[in-house]
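Here's the structure we're looking at; comments come further down.
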Amino acid sequence: MRNHRTHHLVWLLYLAPALIMYSLFMAYPLLDSLRLSFFTGNNPATRVYVGFGNFEKLFTDPQISQRYWSAFFNTWVFFLIHLVVQNGLGILFAVMLTFDTMKARHVYQTIIFIPTTFAVLITGYLWKLMLNPVWSGDFFVSIGLPFLRHPWLGDTKTALIAVSLVSCWQWLGIPTMMFVAALRNISVELLEAALLEGAGNCKTFFLIKLPLIKPVVGIIAVLTFVNNFNAFDIVFAMTNVNGAPEYATDLIGTLFYRYGIAGQHPIGIPDAGLGSAIAVITLLLLLCVVIPTLKKTQKGGA
Amino acid sequence: MQASLKRANKHIVSHIVLVTWSLIVLFPLWTLVINSFKTRLTIYDNPFWIPKTWNFSNYQTVIRDGDFLTYFKNSFIVVSASLLLVTFFASLAAYALARYKNRFAQACYFFFIAGMMVPIKIASIKLLELIRALGLLNTIWALPPIYVAMGLPVGIFILTAFIKDLPEELYEAALIDGSSSWNIYRQIVLPLVRPALASTAIYNLIPFWNDLWFPLIFINEEKEKTLLLGVTRLFGQYQTDWSRVLAVLTLSAIPVLLLYLAMSSQFIKGVTSGSVKG
Amino acid sequence: MKRLNVVLVSLALLCLMLPITAQPARETSTKAVTLTMGSWRTDDVEQMNRLLSEYKKIAPDVTIRFQPTNPPDYNATLRLQLDSNTGPDLMYARSYGAGLELFNAGYFADCTDIPGLMDNFSASNLAPWQTADGRMFAVPFAAVSHGVYYNKDIFRKEGLGIPNTWEDFLALCTTLKSRGYTPLANGLADEWDILETFFFGLLPNYVGTADQRVRYESGELKLNDRNFVAAYQAMADVAQFCPRGFESVTYNDSQVLFNSQRAVMFVDGSWTAGVYKDASFEWGIFAIPAPKGKHTAICFHPDMAITMNTKTKHPEEAKAFLAWLCTEQGATTASKNLPSGYFPMIKFPIKLENLHANEFLALNAGKETDARFVWPKLMHLYAPMNQAVIRVMKGQISAQAAADSVQALR
């Protein structure tokens, strides 16, 4: 028998590598970003404490706050489109794929998941090319769909939607598969009982399936939210880091890159303090949304 | 009867929907591949149809161009190292958390799980300073620490649940034999959690391989670039040969795609296990 | 014993993570020296390598490696490298403020004493890389010009000639459009091109050159005066001649449109001249004409200079290279190997081999030239001006409103 103390020590050793990596490269930087947001400047040697100065600048400086709120708004639109299209279609496809007499479901599943294995950059550039009227315009006219010939990514009214839809196209595989797994978990007896009572597909879905997969719906909504509020690659690939046209596709992710990491073209001088302030606000927002959502949708806590 | 007819009908609708979606998925991929065999100007002629003359020079140039292989090698090293470390560290920690039941362990568990919801990108600025201080900036070794930290939450989530599910009897038998915890880990737990290790690896493979953000901000030296970052170099500010770019993109997509097609069911299990356990 | 195993293995793994900086260690061999050169010109790898190999013939012990970065990231990544002491020994310096900032931060070396620098360049060519107190932080390397590329074959076929005034230019475009052509290839998707090549290209025609520009910079003249409004209006007027769906047309698309003869003209910078060298049609360049009553001026923009890293491990060799660029022989060799569309800035008369390059340079004859308007002192207005031009071309705001929006941010 070992004595109590070495027992503890041994367990700690098992935890150590993970704890060290995680704390050093995730927890510490995150917490320190909080600290950084109270300073200015890029050079650790010349930093100056400014209290809430960066936050003030973020919300009161006319140019910066305008950019911030515009990016904030755009990101919400981006998210809502994902919620409806990506997750909505995900549930729809999952339900279809789990009908017990559904044939060829494995083929469909495999195909649906393919875009997810690609890098966002790849799909972004690909769709950018396809949506370019100079490239595909004549084709659309020739197959009798002239209204498809439009500068989708150049028109401020359609650019954000186009980018969001491409992002949905990319990621749809994940919610679909998660919902498939969740639906499969529903006991067969329950479904048979419903069938015996004469419930059609719609009723079964809304009264039985949906409530039972609520936890998964919650988790996916949360994961979608978190991913969308950090989305960068898709805009980088499809339009540009400024969120062209006219900042219509500017998201919090690209704003953060511009202010905190790379600076505005062509000058290229970032402001680490301001960038950290943006990061902190984003983090707070995430916490404010994620925690209640999880509480509400998970059975008896996480 | 009524019910079964109804069900057969619905399936037709389902099939129509799913086939339509499948086309929407496959059409762009078709476009990607056929255009990589065209030339810079001819891709504008008939964008969605097969090339009039098949041009293989894009692929030849890309493969012969030493840099592409370097990028590939770098990505391979970074991802392999990261996956190895993530699965190993996560399994160690999960073992501890699943078997060591007290408040500290509980706290640790939630500490790790919280990371699933918080994107590490937010801390980029501080990470930049940290990596710089460690002297890893501009090398491929700047990436594995970040990726490991990124992948630990999910790994621990999956593995802890898995290990918790292992029957008590296994441990009792081992303890009677007087095995140390390390032996139990190595000989009993590890072989049994192989599926969960695979899930962790697969779940993290895609984000690691396809990450652009961290290579973008950490690496500028040509020889150290990962695959995706290297691809962006082909986008000169003034001149972009789209057919060449599409060839590179196709080549970049192939590794993960092939892996996926070969192991699609494991892939899907891996990705979904992040959410549906417990 | 087993516990010890755990500890050892964990430590070993942690050590794996430590800097395996078996990365490019600088060769510390006694004779051969390798320098690295950073740049944003990913398109020029071939030419620069040729130039650098020419230099190697003169200084056989020194090898210079050209390592460009994707342009949008150049500034950010350069900073990253400089901050972490992994910066290149030599690097391209952007003109005016962007470059000055890096000098003030201590990254660029003071170049004032490089032999030949102060003597062999004119004052206006030195200015973009000069501090307020006259010190130089880089050696001027190349300038670019802007103009209108045009398809000579189509012009001949339609019996059209080079326009001498802006009004003639618009009439020309109208004629082309009525005959079913797309007159201009310019688009808005990449944003920077419409501003830097087109708007700044025609701006000197309306607001004048350097002596006028300083009056705007000091605030004496307003950025929404009649001249500016006329310039924005000119942009609004050409929007209809750009390709259909031009809001989505990228810079790359524009080049392809011109190259495949689907557009007749393209207002662009001289740096693209090399792209069309194998074009299947005859093409030429003319200057963007000024409206009646004004003088045509050219936007001849000092673009690139080369400087050295203050922390380079080989200051002597780096300096030697820079000095070579200031000699007649060095500059001539450099010019021969400059990518087409880049012009030397040194005092000695240098004849370029490329026909089209000479054509571009010839545009300067008898005209005043100036750098791009915002570069010297008004860089913070780059983004607002860019958006203003885009919006006025999309017809969202009037030229007056566009000008006002920029003046408001002055």
Side-chain angles (χ1 to χ4, degrees), chain A residues 2 6-7 9-18 20-21 24-25 42-44 46 62-63 67 128-129 131-138 149-159 162 236 238-247 257-258 260-270, chain C residues 2-4 6-7 9-11 13-14 17 40 71-80 83 94 96-98 101-102 105 182 185 187-192 195-196 243-250 252-254 256-257 262-263 374-375 379-380 382-384 386-387 390-391 394 396 408-409:
Chain A
R2 295 179 196 83
T6 43
H7 203 57
L9 183 59
V10 170
W11 288 130
L12 271 176
L13 275 177
Y14 283 105
L15 274 176
I20 292 176
M21 292 302 287
L24 186 59
F25 291 103
N42 295 319
N43 200 334
T46 61
Q63 270 196 302
R67 287 280 74 76
K128 177 180 184 164
L129 204 55
L131 291 173
N132 190 337
V134 169
W135 200 60
S136 58
D138 293 333
R149 172 199 209 175
H150 181 84
W152 301 105
L153 293 173
D155 183 352
T156 49
K157 293 193 282 286
T158 57
F236 182 80
M238 289 188 83
T239 52
N240 68 17
V241 149
N242 278 343
E246 299 174 54
Y247 300 108
Y257 180 77
R258 269 208 319 285
I261 312 254
Q264 177 90 31
H265 173 77
I267 313 179
I269 302 172
Chain C
K2 309 294 178 176
R3 259 176 282 138
L4 195 51
V6 176
V7 175
V9 173
S10 308
L11 281 177
L13 280 164
L14 280 176
M17 299 314 306
W40 61 83
D73 309 322
Y74 180 65
N75 289 341
T77 33
L78 185 63
R79 280 204 93 79
L80 219 76
D83 279 342
R94 295 214 190 259
Y96 298 104
E101 201 257 344
L102 287 172
T182 304
L188 299 181
D190 282 337
E191 295 191 318
W192 67 267
L195 181 76
E196 290 187 23
R244 181 151 160 199
F246 73 106
E247 299 94 332
S248 270
V249 169
T250 63
N252 193 66
D253 295 332
S254 298
V256 171
L257 285 173
R262 278 188 278 180
V374 295
W375 249 256
M379 260 320 217
H380 62 285
Y382 179 100
N386 201 348
Q387 295 304 317
I390 290 178
R391 298 178 69 198
K394 284 190 182 176
Q396 290 172 353
L409 293 167

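- The two residues V134(A) and R262(C) have their closest heavy-atom pair at O-NH1, 4.5 Å.
- For T239(A), the side-chain hydrogen bond (donor to acceptor under 3.5 Å, both in side chains) partners at least two apart in sequence or on another chain are T249(A).
- Interface check for chain C: of the options G154(A), A159(A), P133(A), the most heavy-atom pairs under 4.5 Å are formed by G154(A).
- N132(A) pairs by the side-chain hydrogen bond (donor to acceptor under 3.5 Å, both in side chains) definition with D253(C), not counting sequence neighbours.
- Of the candidates E247(C), R391(C), K394(C), K394(C) is the only one forming a side-chain contact (heavy atoms from CB on, under 4.5 Å) with P245(A).
- Considering CG of N240(A) and CD of E191(C), their distance stands at 5.0 Å, rounded to 0.5 Å.
- Within the 4.5 angstrom heavy-atom criterion, only side-chain atoms of L409(C), from C-beta onward, approach chain A.
- Neither the backbone nor the side chain of W135(A) has a heavy atom closer than 4.5 Å to any heavy atom of chain C.
- Considering all non-hydrogen atoms of both residues, W152(A) and S248(C) come closest at N-OG, 3.8 Å.
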